[in-house]
K.L.:
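I'd like to ask you about the structure that follows.
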Amino acid sequence: MKNNIYLFIWLLFPTAFFAQQKQLVTRIDKTKNSIGAEFKITLSTSVDTLSKVVFPNVKNMGLLEVIQSYPIDTIKKNDRYELVKKYGLTQFDSGKFTIPAVKVLINNKVFFSDSLRVEVTSVAVDTLKQKMYDIKPIAQATSSHSWIWKLVLVLLLIMAVGAFIYWWMKKRQLKKLEADLFKTPIEKATSLLNTLEKKELWQKGEVKAYYSELTDIARNYIEEAIEIPAMESTTSELIDGLRRASLQKKMALSQETIENLEKVLKQADLVKFAKSKPLDYEITEDRKKIERSIITLDKSIPILVESQDDMLLNEMQRQNQLKIQLRKKRKTRIATAVGSVLGLLIGLFVFLVITKGFDYVKDNILGHPTKELLEGDWVSSQYGDPQIQIDTPKVLQRIDNTKTYPKEMLSMFKEMSSFTYGSMLGSFYIAVSTSIPKKETDYDLKKALQGGVNGFGGQDVVLSESEFETKAGVTGIKGYGTFVKTDPFLKKSVKVYFEMLLFKEDNGLQQVILLHQEGDQYANKVADRILKSVELKKASAL
């Protein structure tokens, strides 16, 4: 690794040093890369405003394929132009290759770029250390957010059901209240007769329903106005009761009126029970007989004259009673609608728990902090010097090291940067730090790893370590394991899983720390995605 770094510095140092003296400068972003990864080579020249520069249009540079020819960048510096041309190269075989010199025409004069040595490494695959599994069956691709739309639709459906129940009960109770708003039984009966005619039931062939409502109106009036049990009585019992009531109440009721009412009630019995079908004119005549009978009955009832004060008192009592009934029925409607919605929600919850499991309901409906991190919008950024390229679910915030470390410690470093997200006892914690000492130091990564783990302040520490290599070939050390820490707020012990990456590039120390609760499957996926994205950009290559 050191030899590669030295080779890298040796290749780039002359280019940087003679950049102002050479008319054509050659740069490359890296000299070692994985199979199929991109090498980016840069050709730049500084010319006056009248000069003509022609960069080569090639498909290959030696054994490397040109996969991208970037547009020429023009940078004006006083009275001169700096023209910068970049090429993206790749190779799908491992080994060491030479990028040959290419021709660049500057004012029809040929200049050659520097030839460069690069290395392409293969991806190590050790099948002996991995278990072999059968090929999994084809699984249908689904969006991670598809369940949200299904849940929204279900909730909207439940709300619609609740609104319908509320509306239906309100309409039903309003119909019932309409009857209570009539001051007298005759007003109620007359209004219901008019409503019955508007329905046009018998004209639509519903003769049985028509006679049923017609006789119910008459029976209700007799029960309310004359106070005899008309609804539960047979036709004969009703007529007998009506005759007795007319004598007791001294009603001026003619025999013809009673006989007309009896005829209509018997006709209705035949229609309802014997499937009789009267003619149209008979139906019209029966309706008129009922209306005349009700009016005659009402006129025959002796009138008790109330005083003005009694009338006002009765009206006030009636209005108050109506207000009380309206309030009670409104509360009943709301309670029924809310109860129905809650019942549906509870039923949905139980159904999902049975079919999907409690963990699914807890994570997808009740919410899970690390699941939200995993499925949120990630950020790719660079931190520190030398820069650490890393993908994170949230932007890391810079820490003021002057408030964290003592001045004596800070005075030992030329550069120190720290960036974090979350807290060490939260659902997920990320820390990225870089430091460059004033004196050249050869760090012992294993000791640095042990010191970093000790800094967690945990108990029952279990530490394992292994080598770590980024996609660009930068190597370091990885530490991982668990420790137990006491939550000062909840007063209970929490088992924390940690992963730590350490590098020593450019005479400095770079580290990435991840902490989360052990056993959190979503946190494991977040950590895995973060670690796969870690890359270091060497200062010498910038």
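Worth saying up front: this structure is predicted, and the values here are computed from it rather than measured.
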K.L.:
Working to the nearest 0.5 Å, report the span between CD of Q511 and OG of S435.
P.N.:
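Spacing of CD (Q511) from OG (S435) equals 7.5 Å.
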K.L.:
Counting only heavy atoms not in Q255, do more than 12 fall under 6.0 Å of its CD?
P.N.:
yes
K.L.:
Provide the full list of side-chain hydrogen bond (donor to acceptor under 3.5 Å, both in side chains) pairs with a residue in residues 451-466, sequence neighbours left out, each pair given once.
P.N.:
Q450-N454
K.L.:
Are any side-chain N or O atoms of T195 and backbone N or O atoms of S191, one a donor and one an acceptor, separated by less than 3.5 Å?
P.N.:
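Confirmed, T195 side chain pairs with S191 backbone.
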K.L.:
Run the ring-ring contact (aromatic ring centres under 6.0 Å, His included) test against Y70 and tell me which residues pass, sequence neighbours left out.
P.N.:
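Applying ring-ring contact (aromatic ring centres under 6.0 Å, His included) to Y70 gives none.
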K.L.:
Excluding sequence neighbours, so at least two apart, what forms salt bridge (Lys or Arg N to Asp or Glu O under 4.0 Å) with R287?
P.N.:
E197, E291
K.L.:
Distance-only, no hydrogens or angles: does the S212 side chain make a donor-acceptor pair with backbone N or O of K208 under 3.5 Å?
P.N.:
no
K.L.:
Could you go through the side-chain contact (heavy atoms from CB on, under 4.5 Å) check for E415 and T434 one step at a time?
P.N.:
CA-CA 8 Å; E415 178 69 31; T434 61; 5.5 Å; no
K.L.:
If you count heavy atoms of other groups shown closer than 6.0 angstrom to NZ of K289, is the number above 12?
P.N.:
yes
K.L.:
For E237, is there any backbone N or O sitting under 3.5 Å from a side-chain donor or acceptor partner on S233?
P.N.:
no
K.L.:
Can you give me the closest heavy-atom contact between G384 and S417, atom names plus distance?
P.N.:
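Closest approach of G384 to S417, heavy atoms only: CA-CB, 4.1 Å.
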K.L.:
What pairs of donor and acceptor atoms, side-chain ones from residues 268-283 against any protein atom, are under 3.5 angstrom apart with sequence neighbours left out?
P.N.:
from	atom 1	to	atom 2	distance (Å)
D269	OD2	T235	OG1	2.6
E282	OE1	L279	N	2.8

K.L.:
Applying side-chain contact (heavy atoms from CB on, under 4.5 Å), run through V494 and K485 and close with a yes or a no.
P.N.:
CA-CA 5 Å; V494 179; K485 195 159 187 177; 5.6 Å; no
K.L.:
Under the salt bridge (charged side-chain N to carboxylate O under 4.0 Å, His left out) criterion, do R244 and D240 qualify, and how do the steps go?
P.N.:
CA-CA 6 Å; R244 289 195 299 272; D240 290 341; 5.2 Å; no
K.L.:
Test of understanding: with salt bridge (Lys or Arg N to Asp or Glu O under 4.0 Å), list the residues that count as partners of K471, not counting sequence neighbours.
P.N.:
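If we apply the salt bridge (Lys or Arg N to Asp or Glu O under 4.0 Å) test to K471, skipping adjacent residues, there are no hits.
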K.L.:
What are the two closest non-hydrogen atoms of M500 and V453, and how far apart are they?
P.N.:
CE-N, 4.1 Å
K.L.:
To the nearest 0.5 Å, what is the distance between CD1 on I290 and OG1 on T215?
P.N.:
7.5 Å
K.L.:
For a quick test of reading the model, state the closest non-hydrogen atom pair linking K371 to E375 and the distance between them.
P.N.:
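Looks like NZ-OE2, 2.8 Å.
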K.L.:
Partners of K478 by side-chain hydrogen bond (donor to acceptor under 3.5 Å, both in side chains), sequence neighbours excluded?
P.N.:
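Result, side-chain hydrogen bond (donor to acceptor under 3.5 Å, both in side chains) vs K478: E499.
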K.L.:
Mind checking what makes salt bridge (Lys or Arg N to Asp or Glu O under 4.0 Å) contact with E206, not counting sequence neighbours?
P.N.:
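Residues passing salt bridge (Lys or Arg N to Asp or Glu O under 4.0 Å) with E206: none at all.
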K.L.:
Do you see a donor-acceptor pair shorter than 3.5 Å between the side chains of D298 and Y221?
P.N.:
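Checked: D298/Y221 side chains pair up, N/O donor to acceptor below 3.5 Å.
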K.L.:
Checking the side chain of S300 only, and the main-chain atoms of L297 only, is there a donor and an acceptor separated by less than 3.5 Å?
P.N.:
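Yes, because the side chain of S300 sits within donor-acceptor range (under 3.5 Å) of the backbone of L297.
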K.L.:
What distance do L449 atom CG and L502 atom CG have between them, rounded to the nearest 0.5 Å?
P.N.:
5.5 Å
K.L.:
Looking at I530 and S533, what are the two nearest heavy atoms and their distance?
P.N.:
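That would be O-OG, 2.7 Å.
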K.L.:
Would you list the pairs meeting ring-ring contact (aromatic ring centres under 6.0 Å, His included) in which at least one residue belongs to residues 448-468, sequence neighbours left out?
P.N.:
F456-F483, F456-F498
K.L.:
Given side-chain contact (heavy atoms from CB on, under 4.5 Å), test N260 with R292 step by step and report yes or no.
P.N.:
CA-CA 9 Å; N260 287 336; R292 287 196 295 267; 5.5 Å; no
K.L.:
Got a sec, which residues hit ring-ring contact (aromatic ring centres under 6.0 Å, His included) with F428, two or more places apart in sequence or on another chain?
P.N.:
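F428: ring-ring contact (aromatic ring centres under 6.0 Å, His included) contacts with H516.
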K.L.:
May I have the step-by-step check of side-chain contact (heavy atoms from CB on, under 4.5 Å) for V526 and W378, ending in yes or no?
P.N.:
CA-CA 10 Å; V526 172; W378 283 54; 3.9 Å; yes
K.L.:
I'd like to check D216 versus M231 (side-chain heavy atoms, cut-off strictly below 4.5 Å). Are they in contact?
P.N.:
yes
K.L.:
Measuring from atom CD1 of I226 to atom NZ of K249, what distance do you get when rounded to the nearest 0.5 angstrom?
P.N.:
8.0 Å
K.L.:
How far apart are the closest heavy atoms of A189 and I217, and which atoms are they?
P.N.:
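Distance-wise, the nearest heavy atoms are O-CG2, 3.8 Å.
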K.L.:
Just verifying a value: how many Å separate R529 CZ and K525 NZ, rounded to the nearest 0.5 Å?
P.N.:
12.0 Å
K.L.:
Locate the shortest heavy-atom distance separating L238 from A230; write the atom from each residue and the value.
P.N.:
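Reported closest heavy-atom pair: CD1-CB, 3.6 Å.
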K.L.:
Nearest 0.5 angstrom please: I222 CD1 to I294 CD1, how far?
P.N.:
7.5 Å
K.L.:
Who are the ring-ring contact (aromatic ring centres under 6.0 Å, His included) partners of Y383, not counting sequence neighbours?
P.N.:
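Result, ring-ring contact (aromatic ring centres under 6.0 Å, His included) vs Y383: F419.
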K.L.:
Salt bridge (Lys or Arg N to Asp or Glu O under 4.0 Å) with E213: which residues, sequence neighbours excluded?
P.N.:
K199
K.L.:
Distance-only criterion, 3.5 Å: show the donor-acceptor pairs between side-chain atoms of residues 388-398 and protein atoms not counting sequence neighbours.
P.N.:
from	atom 1	to	atom 2	distance (Å)
Q389	OE1	Q382	NE2	2.8
Q389	NE2	S380	OG	2.7
D391	OD1	S380	OG	2.9
T392	OG1	K394	O	2.6

K.L.:
Does the E518 side chain pair with the main chain of Y497, one donor and one acceptor, at a distance under 3.5 Å?
P.N.:
no
